[in-house]
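I have placed the structure first, in the form of structure tokens, so that the comments after it can refer back to it.
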Amino acid sequence: MRRLTVVADPGGRRLVSVFNMLDSERVKREYLHHYNLLTDGTVVMLYQLRGDLDHARAVFDESPDVLHYDIPEQGNGLIYLHCEMNESLAGILSALQQSEVIMTMPIEFLDDDRLRVTFIGEHEPLQRILNQLAEFVDIEIERVSEYGSADRLSSVLTERQREILTAAVEIGYYEVPRHATIRDVADALELSQATVGEHLQKIEARVLSGSDH
């Protein structure tokens with residue numbers, strides 16, 4: 001089993017069309033924490049934004065592709081977005097949905113609009129998904145490592161992080177397809193979505209970075 005980290009370059013366009021309307025100097029995408037494909041061909045996503053959130057609200061209000069959104073005043077940039085998919089995004093998410101590999105979350109957005117994504121799987125399925133994604137984005141392999149065992153989690157996570165990770169696993173947040181959302185994890189622990197999202201982001205970052213040392 002291997003862990004493969006790549007940087008994906010959509011070539012100057014953003015895979016979620018509404019973000020092409022945002023002023024990148026005013027609003028930055030930091031992470032995509034979660035997405036869920038709906039049976040009507042639309043997608044819901046949980047993003048982390050930084051910057052002028054009022055500008056983001058104005059853009060979302062005007063976009064015909066946005067079906068619904070929520071940007072809480074005290075959400076620390078965490079946004080819920082329900083929108084239409086363009087052809088490229090639909091193709092990518094369809095390929096991922098049918099793949100045998102796991103895409104870890106969150107997805108990190110770099111300052112130049114490229115995305116850092118990590119996959120876990122066997123060699124041949126990993127190669128297949130890279131070939132499929134290359135039809136839509138340019139792929140640069142950043143790091144390849146063996147997938148380590150989970151028995152080292154206690155050495156890299158705090159007690160609260162282990163509690164949140166345990167709850168997320170138990171209620172199906174890491175199932176494929178997902179059986180639970182960040183909100184479900186937050187409700188189970190009586191915490192805010194922003195807090196749980198932030199902790200899950202840190203958990204995944206520590207687990208992934210720790211395996212390469």
Side-chain angles (χ1 to χ4, degrees), residues 1-8 27-37 43-51 53 70-81 93 96-97 99-111 114-122 126 129 142-213:
M1 191 76 69
R2 295 184 178 182
R3 174 181 285 110
L4 172 66
T5 299
V6 304
V7 174
V27 178
K28 298 288 187 183
R29 292 172 298 167
E30 293 192 317
Y31 298 97
L32 172 62
H33 290 288
H34 178 64
Y35 73 90
N36 194 23
L37 295 175
V43 61
V44 293
M45 293 170 286
L46 192 65
Y47 274 96
Q48 191 88 37
L49 301 185
R50 170 170 49 86
L53 298 183
D70 185 30
I71 307 179
E73 290 291 343
Q74 304 299 323
N76 297 319
L78 198 67
I79 74 161
Y80 169 93
L81 180 64
L93 297 186
L96 291 169
Q97 189 176 37
S99 174
E100 300 169 36
V101 306
I102 294 172
M103 181 173 67
T104 68
M105 304 299 281
I107 293 172
E108 179 184 3
F109 291 90
L110 307 182
D111 288 339
R114 295 185 301 162
L115 301 82
R116 178 176 286 120
V117 189
T118 297
F119 301 102
I120 296 171
E122 300 290 352
L126 286 171
I129 194 63
E142 187 175 72
R143 184 168 57 247
V144 180
S145 62
E146 292 299 315
Y147 180 63
S149 64
D151 57 8
R152 60 187 179 80
L153 288 179
S154 61
S155 67
V156 296
L157 302 180
T158 66
E159 182 175 349
R160 170 52 65 88
Q161 288 170 343
R162 291 196 297 273
E163 177 187 9
I164 290 174
L165 177 60
T166 298
V169 170
E170 288 179 348
I171 68 175
Y173 180 75
Y174 287 106
E175 293 289 334
V176 180
R178 291 193 195 276
H179 294 165
T181 65
I182 287 180
R183 172 173 288 180
D184 295 328
V185 180
D187 289 345
L189 295 169
E190 297 184 347
L191 297 172
S192 71
Q193 290 185 69
T195 297
V196 170
E198 180 180 356
H199 276 295
L200 288 175
Q201 171 190 320
K202 291 178 179 178
I203 289 166
E204 292 162 354
R206 289 187 181 184
V207 170
L208 294 177
S209 62
S211 68
D212 298 317
H213 298 301

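The structure displayed is predicted, hence computed values, not measured ones.
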Using the test side chain to side chain donor-acceptor pair (under 3.5 Å), find all partners of E198 that sit at least two apart in sequence or belong to another chain.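 Side chain to side chain donor-acceptor pair (under 3.5 Å) list for E198, sorted by chain: K202.
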
By side chain to side chain donor-acceptor pair (under 3.5 Å) - contacts of T181 (at least two apart):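 In terms of side chain to side chain donor-acceptor pair (under 3.5 Å), with neighbours along the sequence ignored, T181 is linked to D184.
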
Spatial distance of atom [atom1] ([X]) from atom [atom2] ([Y]) [nearest 0.5 Å]:
X: I71; Y: Y80; atom1: CD1; atom2: OH; value: 13.0 Å
X: T118; Y: I120; atom1: OG1; atom2: CD1; value: 7.5 Å
X: Q48; Y: E108; atom1: CD; atom2: CD; value: 12.0 Å
X: M1; Y: L126; atom1: CE; atom2: CG; value: 9.0 Å
X: F119; Y: T104; atom1: CZ; atom2: OG1; value: 8.5 Å
X: H199; Y: Q161; atom1: NE2; atom2: CD; value: 6.5 Å

Using every non-hydrogen atom in the two residues, find where [X] and [Y] come nearest and quote the distance to one decimal.
X: P72; Y: L78; value: CD-O, 3.3 Å
X: V101; Y: G121; value: CG1-CA, 4.4 Å
X: L46; Y: I182; value: CD2-CD1, 3.2 Å
X: A194; Y: N76; value: CB-ND2, 4.1 Å

My understanding is that only residues two or more places apart in sequence, or in another chain, count here; which of them pass salt bridge (Lys or Arg N to Asp or Glu O under 4.0 Å) with R178?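 Listed in chain order: nothing, the list is empty.
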
For E122, all residues meeting salt bridge (Lys or Arg N to Asp or Glu O under 4.0 Å), sequence neighbours excluded: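 Partners of E122 by the salt bridge (Lys or Arg N to Asp or Glu O under 4.0 Å) criterion come out as none, since no residue qualifies.
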
Sequence-distant partners of F109, ring-ring contact (aromatic ring centres under 6.0 Å, His included), two or more places apart: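 F109 satisfies ring-ring contact (aromatic ring centres under 6.0 Å, His included) with Y47 once adjacent residues are dropped.
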
Could you give me the CA-CA distance, side-chain angles and deciding distance for L49 and R29, then say whether side-chain contact (heavy atoms from CB on, under 4.5 Å) is met? CA-CA 5 Å; L49 301 185; R29 292 172 298 167; 3.6 Å; yes

Can you give each donor-acceptor pair under 3.5 Å made by side-chain atoms of residues 165-177, sequence neighbours left out, with the distance rounded to 0.1 Å?
residue : atom : partner : partner atom : Å
T166    : OG1  : R162    : O            : 2.8
Y173    : OH   : H33     : O            : 3.4
Y174    : OH   : E204    : OE2          : 2.5

